[in-house]
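Below is one structure, written out as structure tokens; the observations come after it.
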There are 2 protein chains.
Amino acid sequence: MSTPHVPEGYDPHAYEPFAVTVDLAVFTVRDNRLHVLLIERGEEPYKGAWALPGGFVQPRESAEQAARRELAEETGLDPVTVESLHLEQLRTYSEPGRDPRMRVVTVAYTALVPDLPEPRGGSDAARARWVAPVAYERLAFDHQRILADAHDRVGAKLEYTCIATGFCPPEFTVGELRQVYETVWGVELDRANFRRKVLATPGFVQPVEGPPRLTGGRGKPAALYRAGTATTLHPPLLRPEGRHS
Amino acid sequence: MSTPHVPEGYDPHAYEPFAVTVDLAVFTVRDNRLHVLLIERGEEPYKGAWALPGGFVQPRESAEQAARRELAEETGLDPVTVESLHLEQLRTYSEPGRDPRMRVVTVAYTALVPDLPEPRGGSDAARARWVAPVAYERLAFDHQRILADAHDRVGAKLEYTCIATGFCPPEFTVGELRQVYETVWGVELDRANFRRKVLATPGFVQPVEGPPRLTGGRGKPAALYRAGTATTLHPPLLRPEGRHS
DNA sequence: CAAATAGTGTCTATAAGACATTATAGT
DNA sequence: ACTATAATGTCTTATAGACACTATTTG
């Protein structure tokens with residue numbers, strides 16, 4: 001239960017307090033590589049090290065509200081966009097000693113964002129940057145672990161949900177959607193089979209109405225689609241390595 | 001980050017403190033129905049109401065350690081068994097006001113247990129009982145929601161992991177394993193196809209060595225199996241309703 | 001005997017993997 | 001012309017659904 005074992009005469013202020021924070025693993029796809037938003041710490045501990053954006057949960061807000069607030073502050077995205085973003089609770093990290101100063105329990109969230117508004121450093125964040133995974137090195141606290149867990153979760157969720165469209169702009173091509181999968185999974189997918197699968201899944205994507213606009217760099221221009229209304233994939237779109245039977 | 005925005009001269013005790021608790025949704029299968037372990041609250045608020053077992057995270061333990069400790073206390077299972085149990089972090093519930101007394105953030109865990117040792121009420125838990133889901137009514141706090149989320153999660157995890165064996169005793173029949181799926185999902189599965197799928201998935205189950213012992217109530221005795229070493233199912237074992245394409 | 005469950009086998013439907021072919025753009 | 005990508009189509013393979021059939025127990 002939520003509040004069992006409350007000793008008689010329990011005084012909330014008498015206990016060693018827990019601080020509750022949120023941390024965010026904000027992913028985007030850039031140049032066919034997965035990037036994550038990191039900020040440079042301006043204070044000890046880990047001063048000068050890179051860390052996931054985040055902050056304290058305020059007394060009157062939920063952890064998710066705190067995560068959206070911090071996301072807006074750190075990225076400079078407008079609040080309306082942040083409200084509609086796909087924000088998923090990853091898990092909570094509570095090991096004693098994960099913060100050297102005091103007991104801090106953090107609720108980690110994962111967010112997927114499409115384009116790349118270069119982050120404007122938040123009020124107190126010294127610097128904010130999109131960093132490619134190869135540079136995931138020596139993050140502050142246990143953020144290395146959180147980031148690895150977040151990456152795993154995103155990869156797994158691509159298999160049985162429609163979150164991949166969260167990486168794409170409002171209108172996108174099947175090729176762009178395929179590159180999301182290829183980038184996150186680190187594999188190459190068959191263009192034809194991927195296309196068949198996506199279009200055969202009702203509600204995954206829907207063609208942009210009106211004359212089928214085409215766009216593209218080199219090669220034949222591709223038709224544009226929008227994210228559909230479905231949230232899960234049935235049957236799932238499994239990673240190639242997944243099938244080993 | 002975990003501790004950003006620390007005001008100058010921050011004093012941990014000066015803030016309104018957060019309490020951090022764990023709550024457990026402990027499931028078992030009994031009489032072909034899913035049951036969950038509930039305890040009756042002995043104190044206000046919600047005195048006399050049923051609630052999920054749980055308790056405070058102590059200053060020097062992680063949330064998972066707290067969950068295992070509480071699980072051992074509430075169920076009377078021996079510590080060795082509790083250590084090896086499948087314990088999965090469900091999610092964290094942090095809405096302000098979910099506890100009327102103070103700000104309580106709870107980390108919810110899901111556990112699957114095989115047999116049914118009638119719970120001996122813990123030291124402070126007034127009463128503990130296995131309750132069938134039809135009786136999931138009016139739980140204390142937001143435990144109704146936590147329980148619903150836990151049920152959903154278990155059902156989803158049956159599709160692509162091997163956790164179903166967590167509901168079974170050390171040695172079990174394919175029929176017992178199938179009944180786990182049928183009970184959690186609330187559907188009937190084809191016996192033959194289920195058997196084929198389970199045995200074709202490497203590492204899901206392994207036959208008990210030695211002479212193929214058989215057991216069973218009425219009907220032909222069934223061969224015994226143990227849980228295998230695999231943790232995930234590739235390809236997954238999807239719910240019948242899942243396929244609607 | 002009937003009823004119930006275990007276990008095997010078979011046919012079919014569906015979905016995915018492999019891969020060929022055509023179309024349309026840029027260089 | 002050459003290359004890159006889009007889009008379509010086809011063949012094969014793998015897996016799941018449906019279901020018949022036998023085997024072995026209890027009542």
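Naming convention: chains lettered A, B, ... in sequence-line order (proteins, then strands); numbering from 1 in each chain. Quick note: numbers below take in every heavy atom, side chains included, and nothing from hydrogens, waters or symmetry partners.
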Exercise. Taking atom C1' of C:dA16 as reference, at what distance in whole Å does atom NE2 of B:His234 sit?
Worked result: 16 Å
For this session: Please name all residues satisfying ring pair (Phe, Tyr, Trp, His ring centres under 6.0 Å) with B:Tyr181, sequence neighbours left out, ordered by chain then number.
Result: B:Trp185, B:Phe194
Exercise. Roughly, in whole Å, what's the span from CD in B:Glu188 to P in C:dA4?
Worked result: 12 Å
For this session: Answer yes if the ring centres of A:Tyr160 and B:Tyr160 are under 6.0 angstrom apart, and no otherwise.
Result: yes
For this session: Round to a whole Å and report the spacing from CG of B:Leu224 to C1' of C:dA6.
Result: 12 Å
Problem set entry | B:Arg218 vs C:dA3: side-chain N/O to OP1/OP2 distance below 4.0 Å | no
For this session: Classify the side chain of A:Arg196 versus the base of D:dG9 as yes if they form a donor-acceptor pair under 3.5 Å and no if they do not.
Result: no
Exercise. So which nucleotide from C:dT8, D:dT24, C:dA16 ends up closest to the side chain of B:Arg195?
Worked result: C:dT8
For this session: Answer yes or no: does a side-chain N or O of B:Arg191 lie under 4.0 Å from OP1 or OP2 of C:dT5?
Result: yes
Problem set entry | Below 4.0 Å: OP1/OP2 of C:dA16 and any side-chain N or O of A:Lys197 | yes
Exercise. Roughly how many Å is it from CG in A:Leu238 to P in D:dT15, rounded to a whole number?
Worked result: 11 Å
Exercise. Going by number, which of residues 169-186 of chain B have a non-hydrogen atom under 4.0 Å from DNA chain D?
Worked result: none
Problem set entry | Which nucleotide in D:dT24, D:dT8, D:dT5 has an atom nearest any side-chain atom of B:Pro221 | D:dT24
Exercise. Sequence neighbours excluded, which residues qualify as side chain to side chain donor-acceptor pair (under 3.5 Å) partners of A:Thr81?
Worked result: A:Asp78
Exercise. When you check the side-chain N and O atoms of A:Asp23 and A:Thr106, is any donor under 3.5 Å from an acceptor?
Worked result: yes
Exercise. Do B:Asp190 side-chain and D:dA16 base share a donor-acceptor contact under 3.5 Å?
Worked result: no
Exercise. After noting the C-alpha distance and the side-chain angles of A:Phe172 and A:Tyr225, does the key distance pass the ring-ring contact (aromatic ring centres under 6.0 Å, His included) rule?
Worked result: CA-CA 5 Å; A:Phe172 53 88; A:Tyr225 296 85; 7.2 Å; no
For this session: Under the salt bridge (Lys or Arg N to Asp or Glu O under 4.0 Å) rule, what do A:Arg129 and A:Glu40 come out as? Steps first, then yes or no, please.
Result: CA-CA 8 Å; A:Arg129 287 184 62 192; A:Glu40 188 178 16; over 6 Å; no
Seminar exercise, completed: Looking only at D:dA6, C:dA16, C:dC19, the nucleotide nearest the A:Ala222 side chain is D:dA6
Exercise. In terms of side-chain heavy atoms of B:Pro235, which of D:dA16, D:dA20, C:dT24 is nearest?
Worked result: D:dA16
Exercise. Tell me: CZ of B:Phe194 to P of C:dA6, nearest whole Å?
Worked result: 11 Å
Problem set entry | Gap between atoms CG and P, on B:Leu233 and D:dA14 respectively (whole Å) | 20 Å
Exercise. What nucleotide, of D:dA6, D:dT24, D:dT8, holds the atom closest to the side chain of A:Ala192?
Worked result: D:dT8
Problem set entry | Nearest-angstrom distance from the residue atom CG of B:Leu237 to C1' of D:dA14 | 15 Å
Exercise. Any ion pair linking A:Glu209 and A:Arg226 (charged N to carboxylate O, less than 4.0 Å)?
Worked result: yes
